[in-house]
A.B. asks: 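This structure is in structure tokens; I'll ask about it shortly.
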Amino acid sequence: MARRGLFWPLFALPGAVWLVLFFLIPFYAVLSVAFGTVDPIFQGPVPVWNPFDWHFTTMRSVLEQLRPGQVFWTVFVRTFAYVGIALAGCLAIGYPVAYYLARHARRTKALLLVLLIIPFWVSYLMRMLAWIGLLLPDGLVNRSLVDIGLLSHPHGWLDGQPSSVIFALVYGYVPYLILPLFATLDRIEPHLIEAGLDLGASRFSTFLHVTLPLSKQGILAGSVLIALPMFGDYYTNDVISGSPGTSMIGNQINLFFQGGPQRTTGAALVIVLAVLLGALMSYYLYSTVRASRQPVTA
Amino acid sequence: MHPRERRSTRRRFLLSAAGAFAAVPGAKASLRAGMPLARRAGVPLGPGGIPLARRDHPVTLPIYHGNEPIASGRSPEKGPLEVFTWSAYINPKVVKEFEQHYNVKVTVTSFENEEEALSKLTTGAVRFDVWFATVEYLGKVVAGKLIQPLNHRYLPNLQANVWPSLASPYYDVGSRYTVPYVVYTTGIAWRRDKVKAPTTFANPYDIFWQTPRSSGKVAVIDDLREALGMALLRRRVVDVNTESPALVNRAGADLSQLTRLVNVKVNQTDYQDIPSGATWITQAYSGDMATSAAYMPKGVPVDVVGFWRPQQGGMIGNDIITVLRTAKRPVLAHHFLNFLLDRKHALENFSFLGYVPPQKSLDPQSLIAQGYVPKSLASTIVREEEFRHDRTLLPLTIAGEVLWQNAWSKFKAGG
Amino acid sequence: MKRLRDWWSNPWGRPRALVAVTWLYIAWSIVPIAIAILFSFNAGKSRTVWQGFSTRWYWGDPTQSVLHDPALRSALEQSLKLAALDMAVSVPLGVALALGLTRWHGPGARPVNVLMLFPLVTPEIVMAVSLLLVFVTLYGIQLGTTAQLLGQVTFSVSYVVVIVRGRLLSIGKEYEEAATDLGASRVAALRLVLLPLLAPAIFASLMVVFALSIDDFVVTDYLSSDASTQTVPIQIYSSVRGTTTPALNALATVIVVATLLAVAFAYVVHRRFTAGDEAARGSALREIAAFDV
Amino acid sequence: MSEAKGGAVELVELRKRFGDVAAVDGVSLRIPAGEFFSLLGPSGCGKTTTLRLIAGLERPDGGRISLDGVDMAATPPHRRKVNTVFQNYALFPHLSVFDNVAFGLRRRRTSRNEINRRVGGVLEAVRLEGLEKRRPSQLSGGQQQRVALARALVLEPSVLLLDEPLGALDAKLRKALQLELKTIHEQFGITFVYVTHDQEEALTMSDRIAVMSDGRVEQVATPEEIYEEPATVFVADFLGISNLMTATAEGAHDGRCLLRLGESELHAARGEISARGEVRIVIRPERIRVEPYAPGGENRIPGMVERVVYLGSLEQLVIRLATGDVLQAIVVNDGEPKAFSQGVPVRVHLPAEALRVLPERPAGEVT
């Protein structure tokens, strides 16, 4: 009978071991490096595995740089601003589209769904590549704007403009928002909306008082889902701007890891980022775990 | 037609001395790890206790017990020879010739930048025979026993062909660990058709700071030593290896000012951005500009590209080739080094790279005459005597590295 | 004004403003990609000025085409190789984990369940950094294809679990019970009944993993060792800002077309598998979209 | 064909808990071979769990299950000579009708010819010939139900377990299939254990019925007994509309129990006639005689018609007694002009032979 009890856990075992080996322990390695030392010659990180022997100098100095006016403060504030604006942009575009698709599209629904899914399957950097081609000084955007007289000479879209970076973030991440939003909106029973209309509410107020509250979970989950990777993004900024003036927190971490031996500092920054995002992450995990339990009880 | 389209990535790594990284808390970390920071009789010590090489302080690199040169008279091993270098930094034709000559296979693996290469080599994540390095890290890699001393019996071309000053350079007296590969200078490249020349400014470096309506069209090299070094030269600081916090921080602040003034870009794509017009003013390596002609759009003559460097006191340097201590084919590796120092192969490399090899027999004027380099870019040719008075980026103490890294980090953060 | 309001708020008509927004968005999202694909067929070197149709950047050009430029070709090969390996490892691993987590109600199930969700929400750079550090400081794993595969599987497996688990919950236990009741051992019930019923989800997982792997830049880049382990996104990243040729567009196009073909194929297979299963069939698109995490 | 093939099931003190809930709480049953045995009760009473315990799909926490005298505790479900028709049939959607039915035979490595023969035979028995190649989703509900039946029967089990097999079908189809199931039972002669919450279904089909509540068996008896002689308040209440009243019993007199219901005195000839103290008494609506109002009479209580519900062949009267109790009575609609209409005073006759005294269960056990 013991075999019977082990049958399903055995299925979970390889995956669980994998996650421990390649997710949990690696994260601990970041801690061990951030609170570890460096080797005297190459200044490479020497992890300290025992937490009782940890050194806090690196972290302390990173935290000092996080005070208002210091380097990391500037970068964090800029990152939060970019992500915040990009998120608002994504919602402003994504919500109406998801709403239309879920509520009103009928015959065209399947076609629209396919069209909305296509960008989802096109590599992120390919989509950036596409825009870079358009935004180059002699690209289509500049040429059309000059042709119709909106610009007197080509604009340097790729010359380190914060607006271009935010635009690219919106373009890059909005597909990841639309699908979860659509899923949520699609789940709202039509009769709830009919009930709203029946009870004398206008279309708009039905939306405001029925649809919007019911889709709140989806909005939050979708927002977290795209905000988290945006916080760690460095490549969008790299390919669209390349100027220090638009540097984000991901760029700083990348600088420490791919550009030099100061991985200890990089690891400390990673931990700071993870802690700051912890609230967002736990919210998302919480709602996901709760949602995944629903079908069982229903 | 030079098939150079793939050369993009190499640019980021050239001369990437202490590299594009920053180290806010590094100083404390290194003290904690017991770094030797003492100065002995006025000679600063670098990482591993090896004195910092300066032109007036030549350094004989120590040979450690257990890391001696290979014995003479051995025959080359069977391949494959594994070479670790910047991408497209060797003419594939030269590699093919070596393969045919020795009847071996050569695998050329490229890295993204010197720091990445170094950290991969030190962690044992990769293993190679030959490694192309920079002078800035030489002390470290010798003290850390990453590379092995050379046996000159296998390298007759070194004394025969190479400029005397680099056949036994001050950073490695007697060429115990290294042979030179190519030389280069760092200057300013600009579009003559878009902006005024650097020479029209009282201080030519002010072209970066004082060209109106150039926002987004100005770039510096994505290398902390080069970029900060340029800012130092602008302030007429001649010691580009200074460890004075005031000077280095001021240089950093000057660069940050560029961010505010012209949204300065930090990249390594000067060699294509100037021809394409994406950039009008950039800090540039001589070798990169030498190949401009290959990147000019149709109908734009190559002479719209200008390259300026001071008559005296500009930035100059060279790359080095080493044999790794863990090399599995050390004899073959020595032969490879010697092969690259051969005049014919050096010239083939030059035609591919645009970077001048320090060969005695290569006359700069003849390179221009033979059409390797356009006349308008004659200033990209490097001559041996320039090494006497120009500035070279050299190793720093750990504290110095940290200082430079901090200034760089601040600039890169857009602060 | 009134006419405008009526037009907007006609309770029976279609919400025209929403129609406009939706179609504008779709145009905005797809047209740039279409243009980039178009320029991969440019006869000239420009990525911005049309100079006639040609396939030189795919195979015509003897040195710079995707077929002939060793860097582009190797990036393409490495991308496809990693995607295949990632699918081969993470799908079985994820299916097993999903089965285990759905059917096992022991004390260990819940922590694993939560742990499984973490890779979905961890910023990629955090994962990349932690994997890099653990590989070089603790595991001694050489960077390169192996390390890249381990990294990709780590974030892919959670997607597989989420997709498969969703289907498992909708299937319920009764089919397995019926099978054991009819004399099938638990293993036979799994093989003959549960796995065939999971087939649509497994196909969806394969496609999602393929796309994740092909698309991944950060983890793959951090764990790459040399030029031979560069993938298409890395290639795009490192050369997109320069004056590269339309060969880069061609490279990206190959990947886009490969992905879309794979998705279309998966969709067709999905429909076949669910031919008798109306409930599953309706969700086919959504399952393929598979982001209802 | 109706020869018994074994299949005697015995459950002894069977127990199963899910968390805090005792789903099966000490069930003991003895089902002889060949019987059509029903487990009847409201949802959540433990009848399905009992069935699953017999099938081996759940492990009991305590007690014993034996089949033909052999303990089956250690036998996994796929080795038990017991098969199940699941509530929603659980037909494998990816397999054809033929493959669904052949599934179990293939697990037993039956030869191809034998499979063809037996599947053909059983499909004939359930009248599904010609549909072998269809997928379950291409069948009607009734056809799916038959496939599920065929799939289980083809394995020639000793016991067939049926978990609400008609639950998903419409009323008319249910009636037809009830008869069909009964025929198949007779044809195969094996034991049927039938779970249902539908009392009418249980009454029409079963040889015997166990009424369950809260994981316990309330009563095991033939349909007639269950209906006529409910052993407990629960059984009485669950089977049809019952008129339950609380009265005071004063013990037996001449084989009848003397009861006081308010002012009235009643005699009951059935049930616990020797009971004393407060008891529950029950009478079926159709056994109540409604008479025009007149004072007095044995077992007769005055009342007033509150409502008349027209049921087609019958009429249901809701009558409020002088004692305050409300009764339902059924009278045949014989075409006479309506004698009893709303507000009319009547006299209600509760015949002693129809009036039953129920044993009072300890407090807390009755829901």
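Please read these numbers as outputs of a predicted model, since none were measured by experiment. Lettering follows sequence order; numbering is per chain, from 1.
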A.B. asks: Counting only non-hydrogen atoms closer than 4.5 Å, does C/Phe118 touch chain A with its backbone (N, CA, C, O), its side chain (CB onward), both, or neither?
C.D. replies: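 Contact with chain A: backbone and side chain both.
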A.B. asks: Counting only heavy atoms closer than 4.5 Å, note whether C/Val21 contacts chain A via side chain, backbone, both or neither.
C.D. replies: both
A.B. asks: Please classify the contact between C/Val89 and chain A as side chain, backbone, both or neither, with a heavy-atom cut-off of under 4.5 Å.
C.D. replies: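 Side chain only.
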A.B. asks: With a 4.5 angstrom heavy-atom cut-off, could you sort out which part of A/Leu101 is near chain C: side chain, backbone, both or neither?
C.D. replies: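 Neither part; nothing is under 4.5 Å.
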A.B. asks: For the residue pair A/Tyr235 and C/Tyr237, is the inter-centroid distance of their aromatic rings smaller than 6.0 Å?
C.D. replies: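 Between C/Tyr237 and A/Tyr235, which both carry aromatic rings, the centre distance is not below 6.0 Å.
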A.B. asks: Checking side chain to side chain contact (heavy atoms under 4.5 Å, CB included) against A/Leu140, which of C/Val49, C/Val31, C/Ile35 comes through?
C.D. replies: C/Ile35
A.B. asks: Which atoms of C/Val153 come close to chain A, meaning under 4.5 Å heavy atom to heavy atom: side chain ones, backbone ones, both, or neither?
C.D. replies: both
A.B. asks: In sequence, state the C-alpha distance, the side-chain angles, and the governing distance for A/Val270 and C/Ile125, and then conclude on side-chain contact (heavy atoms from CB on, under 4.5 Å).
C.D. replies: CA-CA 8 Å; A/Val270 165; C/Ile125 194 163; 5.8 Å; no
A.B. asks: Parallel, tilted or perpendicular: which one describes the rings of A/Tyr234 and C/Phe217, with boundaries at 30° and 60°?
C.D. replies: tilted
A.B. asks: Determine whether the aromatic ring centres of residues C/Trp28 and A/Phe167 are separated by less than 6.0 angstrom.
C.D. replies: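 Yes, close enough.
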A.B. asks: Do C/Tyr222 and A/Phe257 have side chains that approach each other closer than 4.5 Å (heavy atoms only, starting at C-beta)?
C.D. replies: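 When only atoms from C-beta onward are counted, A/Phe257 and C/Tyr222 do touch, with a gap below 4.5 Å.
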A.B. asks: With A/Trp49, which residues qualify under ring-ring contact (aromatic ring centres under 6.0 Å, His included), at least two apart?
C.D. replies: none
A.B. asks: Which atoms of C/Ser29 are under 4.5 Å from chain A, going by heavy atoms: the side chain, the backbone, both sets, or neither?
C.D. replies: both
A.B. asks: If we only count heavy atoms from C-beta on, is the C/Val126 to A/Ile253 side-chain gap below 4.5 Å?
C.D. replies: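 The answer is no; the side chains never approach within 4.5 Å.
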A.B. asks: Could you give the distance from CZ (A/Phe23) to OG (C/Ser130), rounded to the nearest 0.5 Å?
C.D. replies: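 Output value for this atom pair is 7.0 Å.
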A.B. asks: Heavy atoms, side chains only, cut-off 4.5 Å: are A/Pro175 and C/Tyr25 in contact?
C.D. replies: yes
A.B. asks: Please flag which part of C/Leu132 lies under 4.5 Å from any non-hydrogen atom of chain A: side chain, backbone, both or neither.
C.D. replies: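 Looking at C/Leu132, just its side chain touches chain A.
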A.B. asks: Select, from C/Leu101, C/Asn249, C/Leu260, the one with the greatest count of heavy-atom pairs under 4.5 Å involving chain A.
C.D. replies: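 So the answer, after comparing C/Leu101, C/Asn249, C/Leu260, is C/Asn249.
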A.B. asks: Considering only heavy atoms, which portion of C/Thr122 lies under 4.5 Å from any heavy atom of chain A: side chain, backbone, both, or neither?
C.D. replies: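 Both backbone and side chain.
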A.B. asks: With a 4.5 angstrom heavy-atom cut-off, could you sort out which part of C/Phe135 is near chain A: side chain, backbone, both or neither?
C.D. replies: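 For C/Phe135, side-chain heavy atoms alone lie under 4.5 Å from chain A.
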A.B. asks: Side chain from CB out, backbone as N, CA, C, O: work out which of these in C/Leu190 comes under 4.5 Å of a heavy atom of chain A, or both, or neither.
C.D. replies: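 For C/Leu190, side-chain heavy atoms alone lie under 4.5 Å from chain A.
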A.B. asks: Just how far is it from atom CG of C/Leu212 to atom OG of A/Ser123, taken to the nearest 0.5 Å?
C.D. replies: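 Result: 11.5 Å between the selected atoms.
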